[in-house]
Engineer: 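Before anything else, here's the structure in question.
Residue numbers start at 1 and run along the sequence shown.
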Amino acid sequence: MFWISLILVSLFFVFYWLWPKNELGNTEKYSNEFNPYETQTIRKKNVTVEKVVYFEAGMSKLVDNEILNLKRWFTPDSLQSLDSVLLIGSADSSGNLAANRKLVKERIQAIRKILVSFGITPEKISTLPLEPVHGRSAKEREKFRSVQIKLNFLG
């Protein structure tokens with residue numbers, strides 16, 4: 001009888017040891033949460049807006065219609081909250097590879113000059129020239145002759 005009672009008591013301790021514990025009394029776990037006596041800083045998210053400007057084959061100059069579209073896109077209010085601009089240039093791979101690489105840089109510089117003329121400071125503008133891309137169809141090649149403009153606004 002003694003051994004049976006010893007086994008029953010020891011089973012109670014084993015179950016107690018294995019049973020999950022309630023951590024309501026543990027305040028260290030909740031120490032990093034909201035404190036009503038501290039001021040909380042709210043971080044606003046940046047908003048990114050993208051626009052793509054397309055060029056003619058072998059050209060790095062924009063037509064006047066595209067310049068007017070860009071001018072309408074940049075409002076004075078948007079320029080005030082502008083954080084940064086990223087220009088990503090690309091070209092199709094038809095023709096000479098070295099000429100296409102040069103063309104990508106010329107297209108980016110053309111857009112950069114226009115943005116600076118709109119009042120964007122050159123320090124806010126960063127560029128990324130991509131390697132010429134091989135398009136399978138004429139429509140794809142037209143899409144690769146472009147400069148993508150990514151605007152980051154403070155939220």
Side-chain angles (χ1 to χ4, degrees), residues 16-155:
Y16 179 76
W17 179 61
L18 293 175
W19 198 263
K21 308 293 185 282
N22 188 1
E23 296 184 17
L24 288 177
N26 189 0
T27 58
E28 292 177 11
K29 183 178 177 181
Y30 303 105
S31 64
N32 292 335
E33 290 191 12
F34 179 73
N35 184 354
Y37 300 107
E38 287 184 12
T39 58
Q40 298 290 321
T41 57
I42 299 172
R43 300 183 81 192
K44 295 183 178 181
K45 292 184 179 182
N46 287 349
V47 177
T48 303
V49 179
E50 299 179 9
K51 181 171 179 60
V52 179
V53 178
Y54 296 101
F55 290 85
E56 294 293 324
M59 301 294 293
S60 63
K61 197 172 188 180
L62 279 176
V63 293
D64 292 335
N65 190 25
E66 283 292 329
I67 296 172
L68 288 174
N69 286 339
L70 280 175
K71 200 170 211 174
R72 285 187 211 123
W73 198 53
F74 287 97
T75 62
D77 293 335
S78 67
L79 292 178
Q80 288 178 348
S81 62
L82 185 65
D83 183 38
S84 64
V85 178
L86 175 62
L87 301 176
I88 304 172
S90 63
D92 62 340
S93 63
S94 61
N96 186 0
L97 182 64
N100 284 336
R101 287 178 179 159
K102 183 180 176 187
L103 191 60
V104 169
K105 293 177 184 176
E106 289 174 357
R107 288 174 178 168
I108 290 174
Q109 288 304 318
I111 298 292
R112 183 182 177 99
K113 286 179 186 177
I114 291 170
L115 296 182
V116 169
S117 72
F118 291 162
I120 298 173
T121 59
E123 294 82 29
K124 290 184 179 182
I125 302 173
S126 57
T127 62
L128 177 64
L130 300 177
E131 285 292 314
V133 181
H134 180 69
R136 290 175 276 193
S137 66
K139 286 283 187 189
E140 279 186 354
R141 288 190 295 272
E142 286 177 12
K143 289 182 181 179
F144 293 139
R145 299 179 203 130
S146 63
V147 173
Q148 183 178 8
I149 304 170
K150 288 188 175 187
L151 303 174
N152 290 322
F153 294 100
L154 296 174

Engineer: Side chains of V52 and I149: closer than 4.5 Å at any heavy-atom pair?
Structural biologist: no
Engineer: For V147 and F55, work out which heavy atoms get closest and say how close.
Structural biologist: CG2-CE1, 3.6 Å
Engineer: Just so I know, are the side chains of K102 and K105 near enough to count as touching, which here means a heavy-atom distance under 4.5 Å?
Structural biologist: no
Engineer: Judged by atom type as modelled, is there a donor-acceptor pair below 3.5 Å linking the side chain of T127 to the main-chain atoms of L86?
Structural biologist: no
Engineer: Hey, does L87 have a side-chain heavy atom less than 4.5 Å from the side chain of L128?
Structural biologist: no
Engineer: With rounding to the nearest 0.5 angstrom, report the CD to OG distance, E123 to S84.
Structural biologist: 13.0 Å
Engineer: K51 versus W73: any side-chain heavy-atom pair under 4.5 Å?
Structural biologist: yes
Engineer: Main chain of L62, side chain of R107: is a donor-acceptor contact present, judged purely on distance under 3.5 Å?
Structural biologist: no
Engineer: Taking salt bridge (Lys or Arg N to Asp or Glu O under 4.0 Å) as the test, write out the residues that go with E66, two or more places apart.
Structural biologist: none
Engineer: Find out whether L130 and I88 are in side-chain contact, i.e. whether some heavy atom of one side chain is under 4.5 Å from a heavy atom of the other.
Structural biologist: yes
Engineer: Using a strict threshold of under 4.0 Å (side-chain N to carboxylate O), is an ion pair present between R145 and E56?
Structural biologist: no
Engineer: How long is the gap from CD1 on I114 to CG on L70, to the nearest 0.5 Å?
Structural biologist: 6.0 Å
Engineer: For P132 and S93, which heavy atoms make the closest approach, and how far apart are they?
Structural biologist: CB-CA, 4.0 Å
Engineer: Report yes or no: does K124 contribute a side-chain atom to a donor-acceptor pair with the main-chain N or O of L82 at less than 3.5 Å?
Structural biologist: yes
Engineer: Heavy-atom distance under 4.5 Å between the side chains of N152 and V85, does that happen here?
Structural biologist: no
Engineer: For a quick test of reading the model, state the closest non-hydrogen atom pair linking A91 to V104 and the distance between them.
Structural biologist: CB-CG2, 3.4 Å
Engineer: To the nearest 0.5 Å, tell me how far R101 CZ sits from L103 CG.
Structural biologist: 13.0 Å
Engineer: Donor-acceptor check, side chain of N100 to backbone of D92, threshold 3.5 angstrom: yes or no?
Structural biologist: yes
Engineer: Taking side chain as C-beta onward, heavy atoms only, is T48 less than 4.5 Å from F153?
Structural biologist: no
Engineer: If you define the side chain from C-beta out and look only at heavy atoms, does anything of P122 sit under 4.5 Å from R112?
Structural biologist: yes
Engineer: Which pair of heavy atoms, one from S60 and one from A110, lies closest together, and at what distance?
Structural biologist: O-CB, 3.4 Å
